[in-house]
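Notes follow once the structure below has been shown.
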Amino acid sequence: QVQLVESGGGLVQAGGSLRLSCAASGRTLSSFTIGWFRQAPGKEREFVARIGRNGGFTDYADSVKGRFAISRDNAENTAYLRLNSLKSEDTAVYYCAADGGYGSQRQWRESRTYDYWGQGTQVTVSS
């Protein structure tokens, strides 16, 4: 079991930046692939970014590529998502998730792949 707690959300103007944190407890974060997802009102939860166990591999949704940056500090048991050049369409609840599975066949862009989820943190971008 691992518990995840997100923080860092808030209200920001378009063009601004935020850094979200995902703090893990219960198990070492290095045991997990970490994904960030978001869900806007009335929409499905969607993939945002993913980072491999040692941080050597990252993957981004096209909508955030070049603007968002995922990272992790396994020594601190924390993952991060830096949000830059924010747009109104980035407004959503952002969730971090952890997957303990292995294998190149895993669908890490699919929310069902992840076993553990945080409670989410709200990001609101005003235009």
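Contacts classified as disulfide bond (SG atoms under 2.5 Å apart) and involving residues 11-99 (residues at least two apart or in different chains) are given here: C22-C96. Pairs engaging residues 31-74 under the disulfide bond (SG atoms under 2.5 Å apart) rule: none recorded [sequence neighbours left out]. Residue pairs meeting the disulfide bond (SG atoms under 2.5 Å apart) criterion with at least one member in residues 23-61: none, sequence neighbours excluded.
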| said: Would Q3 and R27 count as a side chain to side chain contact (heavy atoms under 4.5 Å, CB included) here? Give the steps. | reply: CA-CA 8 Å; Q3 292 77 44; R27 286 181 62 183; over 6 Å; no

| Steps toward side chain to side chain contact (heavy atoms under 4.5 Å, CB included) verdict (Y95, R45) | CA-CA 9 Å; Y95 299 90; R45 188 170 296 190; 3.5 Å; yes

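Without hydrogens or angle criteria, Q119 side chain to V5 main chain gives no donor-acceptor distance under 3.5 Å. Of the possible donor and acceptor atoms, none in the side chain of S85 sits under 3.5 Å from a partner among the backbone N and O of G15. Of the possible polar contacts, none joining the R19 side chain to the G9 backbone as a donor-acceptor pair under 3.5 Å is found. Judged purely by atom type and a 3.5 angstrom limit, N74 has no side-chain atom pairing as donor or acceptor with the backbone of N77.
The distance from the CG atom of D115 to the CD atom of Q1 is 9.5 Å, given to the nearest 0.5 Å. Considering CD of Q122 and CD of Q39, their distance stands at 11.0 Å, rounded to 0.5 Å. For the atom pair OH (Y114) and CD (Q107), the distance works out to 10.5 Å, reported to the nearest 0.5 Å. Between the CZ atom of R106 and the CZ atom of R50 there is a distance of 10.5 Å, given to the nearest 0.5 Å. Separating the CZ atom in R109 from the CD atom in E46 is a distance of 11.0 Å, to the nearest 0.5 Å. Summarising the geometry, atom OG belonging to S127 is positioned 9.5 Å from atom CD belonging to Q13; distances are rounded to the nearest 0.5 Å.
Ring-plane geometry between F37 and W117 is classed as tilted, the angle between the planes lying from 30 to 60 degrees on a 0 to 90 degree scale.
In this structure, the side chain to side chain donor-acceptor pair (under 3.5 Å) partners of W108, at least two apart in sequence or on a different chain, are D99.
Results of the side chain to side chain contact (heavy atoms under 4.5 Å, CB included) test with R38 over D90, T121, V93 single out D90 as the only residue that passes.
Both the sub-6.0 Å distance and the 45° axial angle are satisfied by R53 relative to the ring of Y102. Cation-pi geometry between R72 and Y80 is not met at under 6.0 angstrom from the ring centre and within 45 degrees of the axis.
Judged purely by distance below 3.5 Å, without hydrogens or angles, the side chains of S17 and N84 pair a donor atom with an acceptor atom. Counted by atom type alone, T91 and E89 present zero donor-acceptor pairs between their side chains at under 3.5 Å.
Residue Y94 belongs to a hydrophobic cluster whose other members are V2, L4, V12, L18, L20, L29, F32, I34, W36, V48, I51, Y60, V64, F68, I70, L81, L83, L86, Y116, V123, V125, with links defined by side-chain heavy atoms closer than 4.5 Å. Membership of an apolar cluster is not assigned to F57, as no side-chain contact below 4.5 Å to another ILVMFWY residue is traced.
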